[in-house]
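Atoms within each ligand, like the ligands themselves, are counted from 1 in listed order.
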Amino acid sequence: MHLRLAADREELPKLLSDVQRHAAALLAGLDERDVVPSVPIPPPTPLPGRGVGLKAALDEFTERWEPTLSASAGPRYLGFVTGGVTPAALAGDWLTSTWDQNAFSSLDGAGQHLERETIAWLRGLFGLSDRHHGTFVSGATMSTTVGLATAREWLGERRGVSPAEDGVGGLGPVRVLSGAAHSSVSKALSILGVGRAALVPVDTLPGREAVDIAALERALREHEADGPCVVVANAGTVNTADFDDLRAIRALRERHDFWLHVDAAFGAFAALSADSSHLVDGLDAADSVCVDLHKWLNVPYDSAVQFTRRRDLQTAVFQNAAAYLGPLGETPDTAHLTPENSHRLRAVAAWFTLRAYGRDGHREIVERCVACARALGDTIDGTPGLRLLAPVHLNVVCFTLAENPTAERLAALTGRLADVVFLTPTVLDGVPALRAAFSNWRTSDVDTRRIITALQEALHEL
Ligand SMILES: *Cc1c(COP(=O)(O)O)cnc(C)c1O
């Protein structure tokens, strides 16, 4: 064995407790760290021929790279939709790497059973019945790709062909109708050989990102001659956290034949609170559902779940026929369910946080994030220099400058705020804007007040 490797193995308990102390110190400083650091990125260095051992590697990482990393795990990183890591999720993630299971086959150990238990807990959390089967994937984009791949096979079933067997050539026209679809839908359609042009945007309600149900029905009727469509409903849009009316979409199925995929990447968590659960009423009617866990469940990247009611079609697409993997059977191994083959036992972090804090603990996180978003939204609404662009439906605040809201002026504003809060730019209805998305378990009203103060100061200096 290499000398350094042998020495690290010898010293492993001590080295691990050094790393643990280092991590604890980082977490203790997270709230006060600049949210986006303004230090230069170190130039890349070539890989040295000689290894230095874990201790020296940790020292080098601490010195060269750590100062450049954002505090995205912290309470005032409100860009994109970004969760942190609960203590139990962190412990679960450490143990995932410690056990280093390949949870893709049932030939060894019970990793997949742990995953299935966790999926059942998640199903309960989101109000899905056991007719929805679920699998862990790396993110919502991958989850939507699996959902739409299954939808593609369903279209084939309706038309007497199998895209999984024979390719998409014989499938005929594919129409994917959606109001304010996330960009990952186009990406998935590109990956699936259906093409980005298959996405047909449907009008949203005036001043909203929620789909206009009458327009959706018109679009369904218009494309009926081409055969059934796919509808992607949005439960939580990234700009304004708006929700399509899922019950009304469910009702359309009485008159129209379509596959319903719901992008509930973060919106599914509305189900946890009595104040917001109405937003996802009807979610169970979906044929496939996408939910991110690395957002509002506050587990580390990369973790999401995909649910579908048609596992037979899912395995038609993703089965990985290999003599060494064994047959599909009643309960297919994960190797037959997603684009992945080898499969990190991602479920452990979710299992830990769900077991440690339960439904009540995770409800409290959701409700606190929503309260923070409302407080920020109310302040922005009452600040003359700012303009709230949409009501705060859930955990996202979308706003802009009241006067001359150019992308440049907004960038100047966020630049001044970078040490206190990270916001991401967007464009809503042609208007350059900013969004603040609350989904970190650490964020409190103290943080919201700090953000408000910083925002008002920055506005003053603009
Ligand atoms: C974040 C997000 C996605 C994409 O998620 P990834 O985990 O980054 O792949 C898709 N849809 C919605 C609504 C999202 O918020």
Are the side chains of V231 and H256 in contact, using a 4.5 Å heavy-atom criterion?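 H256 vs V231: side chains apart.
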State, with a plain yes or no, whether a side-chain heavy atom of L78 is found less than 4.5 Å away from one of F438.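 L78 vs F438: side chains touch.
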Need the list: ligand 1 N/O atoms against protein N/O atoms, distance under 3.5 Å, rounded to one decimal.
unit_1: ligand 1; atom_1: 5 (O); unit_2: D292; atom_2: OD2; d: 3.2
unit_1: ligand 1; atom_1: 7 (O); unit_2: A140; atom_2: N; d: 3.0
unit_1: ligand 1; atom_1: 7 (O); unit_2: D292; atom_2: OD1; d: 3.1
unit_1: ligand 1; atom_1: 7 (O); unit_2: D292; atom_2: OD2; d: 2.7
unit_1: ligand 1; atom_1: 7 (O); unit_2: H294; atom_2: NE2; d: 2.9
unit_1: ligand 1; atom_1: 9 (O); unit_2: A140; atom_2: N; d: 3.3
unit_1: ligand 1; atom_1: 9 (O); unit_2: T141; atom_2: N; d: 2.8
unit_1: ligand 1; atom_1: 9 (O); unit_2: T141; atom_2: OG1; d: 2.6
unit_1: ligand 1; atom_1: 11 (N); unit_2: D263; atom_2: OD1; d: 3.3
unit_1: ligand 1; atom_1: 11 (N); unit_2: D263; atom_2: OD2; d: 2.8
unit_1: ligand 1; atom_1: 15 (O); unit_2: K295; atom_2: NZ; d: 2.8

May I ask you to decide whether [X] forms a salt bridge with [Y], counting only side-chain N to carboxylate O separations under 4.0 Å?
X: E153; Y: R310; value: no
X: R449; Y: D445; value: yes
X: D275; Y: R374; value: no

Sole candidate of Q306, R346, E115 that passes side-chain hydrogen bond (donor to acceptor under 3.5 Å, both in side chains) when paired with T135: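 Of the listed residues Q306, R346, E115, the side-chain hydrogen bond (donor to acceptor under 3.5 Å, both in side chains) partner of T135 is Q306.
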